[in-house]
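Shown next, in structure tokens, is the structure this report addresses.
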Amino acid sequence: MTSTNDIRRSFLDYFGANGHTIVPSAPLVPHNDPTLMFVNAGMVPFKNVFTGLETRPYKTATSSQKSVRAGGKHNDLDNVGYTARHHTFFEMLGNFSFGDYFKEQAITHAWTLLTKEWGLPADKLTVTVYHTDDEAFALWKKIAGLPDHRIIRIPTKDNFWAMGDSGPCGPCSEIFYDHGDHIWGGPPGSPEEDGDRFVEIWNLVFMQYEQEANEIVSELPRPSIDTGMGLERIAAVMQGVHNNYDIDTFKALIEASGTITRTATDGDHQASHRVIADHLRSTSFLIADGVLPANEGRGYVLRRIMRRAMRHAHIIGAKDPLMYRLVGSLVSEMGAAYPELVRAQPLIEETLLREETRFRKTLENGLRLLDEATVDLAEGGTLPGENRVQTL
């Protein structure tokens, strides 16, 4: 089996060997970007490079970027634990060209890595292109030898990327993996596209145009490349599983949660253990990057994620604070790739213990008040308004 750590390293090594500078992940708190609460995609640290406001000593780069989506436009929080691919924290593998190579080389790199370096079967891969992007369509036929029916033209914004209403933009080409006909779903663009059979594993963005107020006004003088591949998704493919929570990293964290609480990690408690594992990652990395629990802003989002995990710890019957006891397992899994986790481990553990202790006291008080308010309440009765407010 190829471990998640192996896949991350293999991706970076491939592009490093092909002239790309390997750039460490930026912190989750964006620098000089008031439009974002957290870094939520691999290209975010390079935004100013793409727009020309900043220059770097390299024209091509590759990274595995820490990302969090737990608020605002990209809010996956309520889905986490109940679907196969939603996370609050994930890693985005990417390769970038700042005016160096363009579509042909980007497609060549993607096909070479997936089918030759990693050995994915070509007949399991389907791609999409923007419906007017004849160039990308022809390149997929030339480079990959894909038949026309596996190069799907998509006429919607799903295959046209923009940094905002104004700025760089361009068509996308998404690569999908077919998990097999034993799973319901159809290829992109079909009536069954929302099924789980075909899973997007890589998005190649061809930054080609400049737009103003959502209208394309010119071609960019230096077309660029921005790609993003979810590490958890490709790990599931390469490890022969369909659910991201069945990859090695998550299995280790879920097993640790089950062992400490002495509860089964499947059945009725499956979603709770998955929530705990996912939220352990996001809270630990946020704390390592300088975010602490608070009642507003980033600290509020962190506290909300923490308390959702702690509520699920309560659901599975954990009698004592749990989250801080799992940090060691997370460090064992990811500390080599992200040494900031190792450095911040004492702070992460202390913060989680303090927050969970406070949360449990609040929960106990609320349950006590609820019991007192309902002791004489008839079945089907309604609590008076003042009591309902008191127990919330």
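Start at 1 with the first residue, then count along the sequence. Basis for what follows: all heavy atoms, side chains included, without hydrogens, waters or symmetry-related copies.
- Remark: K251 does not engage E255 in a salt bridge, criterion side-chain N to carboxylate O under 4.0 Å.
- At least one side-chain heavy atom of R281 sits under 4.5 Å from a side-chain heavy atom of F250.
- Side-chain contact between N40 and V68 is absent, with no heavy atoms from C-beta onward closer than 4.5 Å.
- Not one N or O on the side chain of T88 forms a donor-acceptor pair closer than 3.5 Å with the backbone of R69.
- Side chains of H109 and N95: a donor-acceptor N/O pair is absent below 3.5 angstrom, by distance only.
- Interatomic distance, OG of S10 versus CZ of F15, reported as 10.0 Å (0.5 Å rounding).
- A distance-only check finds no donor-acceptor pair linking the side chain of T249 to the backbone of M334 [under 3.5 Å].
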Could you please spell out the steps behind the side chain to side chain contact (heavy atoms under 4.5 Å, CB included) verdict for L113 and W202? CA-CA 12 Å; L113 179 61; W202 206 348; 3.9 Å; yes

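- No donor-acceptor pair under 3.5 Å is formed between the side chain of R274 and the backbone N or O of Y82.
- No more than 12 heavy atoms of other residues, nucleotides or ligands lie within 6.0 Å of OH in Y300, so this atom counts as exposed by the packing criterion.
- Between N295 and R303 the shortest side-chain heavy-atom distance falls below 4.5 Å.
- Among R197, K124, R150, the single residue meeting the salt bridge (charged side-chain N to carboxylate O under 4.0 Å, His left out) criterion with D178 is R197.
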Can L326 and L352 be said to form a side chain to side chain contact (heavy atoms under 4.5 Å, CB included), step by step? CA-CA 10 Å; L326 298 172; L352 286 169; over 6 Å; no

Tell me, with the steps shown, if T4 and Q239 meet side chain to side chain contact (heavy atoms under 4.5 Å, CB included). CA-CA 9 Å; T4 302; Q239 293 176 17; 3.5 Å; yes

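- The shortest distance between side-chain heavy atoms of S173 and F206 falls below 4.5 Å.
- The distance from the CG atom of L231 to the CG atom of N244 is 9.5 Å, given to the nearest 0.5 Å.
- Distance check: I143 CD1 to W111 CH2 gives 10.5 Å after rounding to the nearest 0.5 Å.
- Taking OG from S224 and CZ from F102, the interatomic distance works out to 8.0 Å, rounded to the nearest 0.5 Å.
- For R222, the CZ atom is loosely surrounded, since the number of other residues' heavy atoms within 6.0 Å does not exceed 12.
- Side-chain atoms of T265 and H273 include no donor-acceptor pair closer than 3.5 Å.
- Between S329 and L253, the shortest heavy-atom distance links the atoms C-CD2, 3.9 Å.
- The pair K141-D148 counts as a salt bridge, with a side-chain nitrogen and a carboxylate oxygen less than 4.0 angstrom apart.
- Between E193 and F198, every side-chain heavy-atom pair lies at or beyond the 4.5 Å cut-off.
- The number of heavy atoms from other shown groups lying within 6.0 Å of CG (D268) does not exceed 12.
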Yes or no on salt bridge (charged side-chain N to carboxylate O under 4.0 Å, His left out) for R360 and E356, after CA distance, side-chain angles and deciding distance? CA-CA 6 Å; R360 284 180 172 274; E356 192 161 6; 3.8 Å; yes

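- Considering every non-hydrogen atom in both G42 and Q65, the closest pair reads CA-CB, 3.7 Å.
- Residues P168 and E210 come closest through the heavy atom pair N-OE1, 4.1 Å.
- Between I225 and T227, the closest heavy-atom pair is CG2-CG2, 3.6 Å.
- Heavy atoms only, all atoms of each residue included: S272 and I315 are closest at OG-CG2, 3.9 Å.
- Looking only at side-chain heavy atoms (C-beta outward), E232 and R85 stay at 4.5 Å or farther from each other.
- V237 is not listed as a side-chain neighbour of V199, based on a closest heavy-atom distance of 4.5 Å or more.
- One side chain, N159 or T128, offers a donor N or O that lies under 3.5 Å from an acceptor on the other.
- In the hydrophobic clustering of ILVMFWY residues, with side-chain heavy atoms under 4.5 Å counting as a link, F89 and Y324 come out together.
- The aromatic rings of F96 and F98 sit parallel to each other, their planes meeting at less than 30°, with 60° as the upper class boundary.
- Salt-bridge annotation for K103 and D133: present, with a side-chain N of the basic residue lying under 4.0 Å from a carboxylate O of the acidic one.
- Using a 4.5 Å cut-off between side-chain heavy atoms of Ile, Leu, Val, Met, Phe, Trp and Tyr, with links allowed through other members, V129 and I152 fall into different hydrophobic clusters.
- M43 is not connected to F160 by any chain of hydrophobic side-chain contacts under 4.5 Å among Ile, Leu, Val, Met, Phe, Trp and Tyr, and they are in different clusters.
- Between the CD atom of E174 and the OG1 atom of T126 there is a distance of 12.5 Å, given to the nearest 0.5 Å.
- Atom CZ of R358 has 12 or fewer neighbouring heavy atoms from other residues, nucleotides or ligands inside a 6.0 Å radius.
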Take F46 and D226 through the test side chain to side chain contact (heavy atoms under 4.5 Å, CB included) and record every step on the way to the result. CA-CA 9 Å; F46 302 109; D226 155 32; over 6 Å; no

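- L286 and F359 end up in the same hydrophobic cluster when Ile, Leu, Val, Met, Phe, Trp and Tyr side chains are linked at under 4.5 Å.
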Run the numbers on K66 and D289 for salt bridge (charged side-chain N to carboxylate O under 4.0 Å, His left out), then give the verdict. CA-CA 11 Å; K66 301 177 293 187; D289 281 346; 2.9 Å; yes

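- Side-chain contact check for Q105 versus T60: every heavy-atom pair is 4.5 Å or farther apart.
- Hydrophobic clustering (ILVMFWY, side-chain heavy atoms < 4.5 Å, transitive): Y338 and L330 are in one cluster.
- Ring geometry for W118 against F11 counts as tilted: the plane angle lies between 30° and 60°, on a 0 to 90° scale.
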Should D6 and S3 be marked as a side chain to side chain donor-acceptor pair (under 3.5 Å) after you check the CA-CA gap, both sets of side-chain angles, and the distance that decides it? CA-CA 5 Å; D6 290 338; S3 73; 3.0 Å; yes

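- Note that NE2 of H179 is 6.5 Å distant from OH of Y177, once rounded to the nearest 0.5 Å.
- Among H312, M310, R304, M306, the one residue that satisfies the side chain to side chain contact (heavy atoms under 4.5 Å, CB included) test with R308 is H312.
- For the pair R153 and F137, the cation sits on the ring face: its NZ or CZ lies under 6.0 Å from the ring centre, inside 45° of the axis.
- Nearest heavy atom pair, residue C172 against residue N203, reads CB-OD1, 3.4 Å.
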